[in-house]
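Only one structure is covered here, and it is reproduced in the block below.
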Amino acid sequence: MQGKIALEEHFAMEDTLSDLERRLSDNGDWADTRRRLLDIQKLRLEEMDRNGIEMVILSHTAPGIQELLDTGEAVDLSQRANDLLAEEIARHPDRFAGFAALPMQDPEAAIIELTRCIKDLGFKGALVNGFTQKDVPDSVIFYDIPEYRPFWAVLNEFDLPFYMHPRTSIASRSQHYEGHPWLFSSAWGFSVEASIHSLRLIGSGLFEELPKLQIVLGHLGERIPFDMWRLDHRIERQPCGYSLPQPMSYYLRNNFHLTTSGNFYEPVFNFTLAEMGVDRLMFSVDYPYEDMIEGAAWFDQLEMAKETRQKVGRTNAVDLFKLNLT
Ligand code: ZN
C-alpha cells in the first residue's frame, strides 16, 4: 500500500543517547540502531520511500525525558528535543510531523511545553514514555493523580491525542522480575508498564471528566484487548473499588486508539481489529527498533477489505492527528 502513515517512530539526540547506550550497547545491532535514531533525513526517508510510507510522526525515544531526576534538566532537554524536531520537520513537512516530548516531572511545565509545541511548532499531540521519575532514582509518578488533571484538561482542549509509550520499570520497584532481566525489557515489561498506566487513567475517572480525551497505545494495545472481556467480567463480580458508571471496555473503545507498532502477527491484528473496530487501529512500525520493511511488508500482505486497509494504513491517522493530507 502506498501512502501509509506511521506514528511510533523514534529519534534521539547525541546528548540523550548516553543512558540508552549503557543499556543497549551490548546488543549486536546497537551501532546500526544508534545511526538510525540520529538520522532523520537520509536513511529514514529512503526506507519510507521504499516501503510506501508517506509520512511519519516522529517522537523522542524512550525513556528520554521521563528518566531525568532534575526537573530543570527535563524542561531544558524537552525544549531542545522539540526544537530540533521542529527544524527537521521543516525540511520535509510533507513527510514528517512531530509529537511533543514533555517534562512530566512538573505538570505546569508540561502544560507550557505542550502549548508551545502545538501552537508554535505545529506538533500533532504528545508522546510520553510512561511514568516519570523525579528527584530520586526510586520514584515512579503515574499521571492519574490529581496534580495532572490540569495537564489533561489542556490537552483535551487542543483535541489532540497522547501517545502512552512504554518504558522499562525501575529495578527497586520490580522484585517480581528479579533474576530474569529479559522480563524488564520490551519483550514483556514494556507492555506491563503501559497497560497498567492506562488502566490507572481509566480507573481514576479521567475519561468521565474529559470524555473527548484520546490516548494512543502501541504494540496492538499492550495486551489489553485480550483481557477486555475478563476485566469487565471480574469487575462486575468483584468491583474492588472500581466505581465508574461504565465498564472498562467502554473507555477502551471510546478513548483509546491502538497501533501495530512492533507487533506484526496476523491473528493478534485480526483479534484487535474485531475488539476495537476499524476506526481505532492504525499502522505503525516502531522504527528503528523494528525494521520498516518487515512492518510495511507484513501490513501490505494482510488480508482485509480495501477500505479497512485505507483506514488503518492512512486515514484514521489523518483524522485523529488532523494531518494536512488528503
Ligand atoms: Zn517505540
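Whatever order the structure lists ligands and atoms in, that order sets their numbers, starting from 1.
- Using a 4.0 Å cut-off between charged side-chain N and carboxylate O, Arg35 and Asp32 make a salt bridge.
- In this structure, the side chains of Phe299 and Met304 come closer than 4.5 Å at one or more pairs of heavy atoms.
- Through direct or relayed side-chain contacts under 4.5 Å between Ile, Leu, Val, Met, Phe, Trp and Tyr, Phe131 connects to Val140, Phe142, Ile170.
- Near-neighbour remark for the Zn ion (ligand 1): protein N, O or S atoms under 2.8 Å are Glu8 OE2, His10 NE2, His165 NE2, Asp286 OD1; waters not counted.
- Just one residue in the list Glu9, Glu46, Glu47 forms a salt bridge (Lys or Arg N to Asp or Glu O under 4.0 Å) with Arg36, and that residue is Glu47.
- Between Asp319 and Arg314 no salt bridge is recorded (no basic side-chain N to carboxylate O distance below 4.0 Å).
- In this pair, His10 and Tyr289 present their aromatic rings tilted. The plane angle is within the 30 to 60° band.
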